Protein chains: 2
Amino acid sequence: MENTKSKEHIEKHFTGSDLIRDVVIGMSDGLTVPFALAAGLSGSVSATNVVVIAGIAEIAAGSIAMGLGGYLAARTDREHYASELERERREIVEVPEREKEEVAEILRSWGLREPDINSAVEAISENPDRWVDFMMKHELGLEEPEPKRARNSSLTIGLSYIVGGLIPLSPYMFIHQSRTALMTSVIATLIALFFFGYVKGRFTGSKPFKSAWQTTLVGGLAAGIAFFVAKIIS
Amino acid sequence: MENTKSKEHIEKHFTGSDLIRDVVIGMSDGLTVPFALAAGLSGSVSATNVVVIAGIAEIAAGSIAMGLGGYLAARTDREHYASELERERREIVEVPEREKEEVAEILRSWGLREPDINSAVEAISENPDRWVDFMMKHELGLEEPEPKRARNSSLTIGLSYIVGGLIPLSPYMFIHQSRTALMTSVIATLIALFFFGYVKGRFTGSKPFKSAWQTTLVGGLAAGIAFFVAKIIS
């Protein structure tokens with residue numbers, strides 16, 4: 001039952017709304033560090049406006065590191081794939097026998113018998129696109145990156161980080177009594193972490209309640225430790 | 001030439017020191033957000049001790065989110081793999097004909113011809129371990145997670161985040177004049193980002209100088225934007 005469910009989730013993950021998934025990942029990540037930073041600071045700095053300034057600076061920094069960093073990493077992956085693809089295309093023309101032997105080795109490792117291997121190698125290498133695709137996947141272990149998907153995904157996650165980060169921060173904007181602001185932020189954020197952790201679990205193929213607890217635990221622990229560390233050094 | 005190099009890098013990536021790679025990733029990530037946060041705050045809050053407290057709170061929060069978050073995610077991946085593995089093992093016993101047809105479909109998609117497919121399916125399904133392994137890789141696209149590797153990796157990255165974060169922060173600990181501390185932090189951190197970005201590129205298979213520039217760019221932009229956003233709202 002559980003297994004059937006998790007398989008459905010994987011399929012949902014690929015066919016379902018990737019946008020919602022990215023938004024939820026970005027928001028649940030965005031909740032964690034700004035929440036912990038604000039909680040940590042509020043234990044040592046009584047002026048809530050300093051907490052707000054630090055929180056906004058963190059959200060700006062974190063969303064750029066995540067969004068732009070992820071965007072550039074996706075571009076690098078794509079370029080790496082393209083350069084390996086070009087190289088395989090050249091090799092099947094320049095050293096076809098060696099490349100055929102590589103296909104044969106892969107098939108051999110799966111337990112195919114020699115006569116079958118020869119004819120399978122001929123079938124695969126008949127079509128250059130299929131041959132190159134086979135080498136990319138099974139020799140190099142590289143899947144073709146989806147051109148726009150990975151970049152858009154990073155940018156969506158980065159933007160959602162901003163929205164997520166505003167949840168723990170907003171109490172400090174409206175409540176000027178530091179202790180009350182902290183308490184409101186802790187309650188609101190733990191509820192939000194649980195909720196987004198649950199939805200994140202549904203969209204990434206893990207068990208929703210487990211994901212909910214883990215997301216809440218990481219956020220809560222990070223905030224608790226940041227609070228005590230800041231108290232000690234201040 | 002470039003291609004040969006990048007292939008060597010992939011191999012180096014898998015055979016080389018994974019520990020050094022994790023340390024470098026954690027340190028270059030740790031440099032970014034604490035750097036940007038400190039720079040952002042120093043533009044609006046003149047007391048360097050507030051910058052230090054906020055920076056330490058961020059480092060505590062970020063390293064727990066990365067280390068513990070990564071650790072739990074790795075554990076979830078492993079459990080997910082184990083549950084899918086068990087399911088495939090059951091299916092090859094309970095519905096062997098359907099599972100054989102799935103193997104045949106995969107081989108067909110690679111261009112193998114019908115008579116070869118039948119005998120390849122028989123060869124693969126002769127050994128249950130190989131059969132299950134084949135289904136895991138090619139039907140579900142799941143690679144077996146290395147048991148300790150992923151967890152240790154997250155913890156190493158989390159710890160290195162702390163060390164990386166102390167680089168941009170240390171000038172604020174020793175220099176009490178806010179502007180001088182900021183300048184020292186900017187120069188030291190940009191140099192460190194470039195250096196760790198270069199080493200990160202070598203260990204992750206991308207071009208070292210490109211990785212160096214990108215890491216520096218993301219960190220520099222994050223810090224610049226955090227600085228201006230904090231100035232505007234303060």
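Numbers restart at 1 for each chain; the letters A, B, ... are given by sequence-line order, proteins then strands. Model, not experiment: these values are computed from the prediction.
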> Taking atom CD1 of A:Ile56 and atom CD1 of B:Ile232, what is their separation to the nearest 0.5 Å?
Replying inline: 11.0 Å
>> Counting heavy-atom pairs under 4.5 Å with chain B, which one of A:Ala65, A:Ala36, A:Gly43 comes out on top?
In response: A:Ala65
> What are the two closest non-hydrogen atoms of B:Glu58 and A:Val33, and how far apart are they?
Replying inline: OE2-CG1, 3.4 Å
> Do you know which of B:Asp77, B:Ile124, B:Val229 has the most heavy-atom pairs under 4.5 Å to chain A?
Replying inline: B:Ile124
> What distance separates A:Ile64 CD1 from B:Leu221 CG, expressed to the nearest 0.5 Å?
Replying inline: 6.5 Å
>> So for A:Thr32, is it side chain, backbone, both, or neither that comes closer than 4.5 Å to the heavy atoms of chain B?
In response: side chain
>> Show the nearest heavy-atom pair for residues B:Ser119 and A:Arg113, with the distance to one decimal.
In response: O-NH1, 3.6 Å
>> Rounded at 0.5 Å granularity, tell me how far CG in B:Leu41 sits from CG in A:Leu41.
In response: 7.0 Å
>> Between A:Thr215 and chain B, with a heavy-atom cut-off of 4.5 Å, which part of the residue counts as in contact: side chain, backbone, both or neither?
In response: neither
>> Let's test your reading of the structure: which of B:Val51, B:Asp116, B:Val45 forms the most heavy-atom pairs below 4.5 Å with chain A?
In response: B:Asp116
> With respect to chain B, which residue among A:Lys137, A:Glu79, A:Glu122 yields the maximal number of heavy-atom pairs within a distance under 4.5 Å?
Replying inline: A:Glu79
> Side chain, backbone, both or neither: which part of B:Ala60 has a heavy atom under 4.5 Å from chain A?
Replying inline: side chain
> For A:Ser44, is it the side chain, the backbone, both, or neither that has a heavy atom closer than 4.5 Å to a heavy atom of chain B?
Replying inline: side chain
> For B:Lys210, is it the side chain, the backbone, both, or neither that has a heavy atom closer than 4.5 Å to a heavy atom of chain A?
Replying inline: side chain
> Got a second to check how far B:Ile233's CD1 is from A:Met173's CE, nearest 0.5 Å?
Replying inline: 7.0 Å
> From A:Leu72 CG over to B:Gln214 CD, what is the distance, rounded to the nearest 0.5 angstrom?
Replying inline: 4.5 Å
> Of all of B:Ser211, B:Ala222, B:Gly62, B:Ala223, which one pairs up most often with chain A through heavy atoms under 4.5 Å apart?
Replying inline: B:Ala222
> What is the distance from atom NE2 of B:His80 to atom NZ of A:Lys207, rounded to the nearest 0.5 Å?
Replying inline: 10.5 Å
> What is the minimum heavy-atom distance between B:Arg130 and A:Ser109, and which atoms define it?
Replying inline: CD-O, 3.9 Å
> Looking at A:Gly40, A:Ala57, A:Ala230, A:Gly224, which one has more heavy-atom pairs under 4.5 Å with chain B than the rest?
Replying inline: A:Ala57
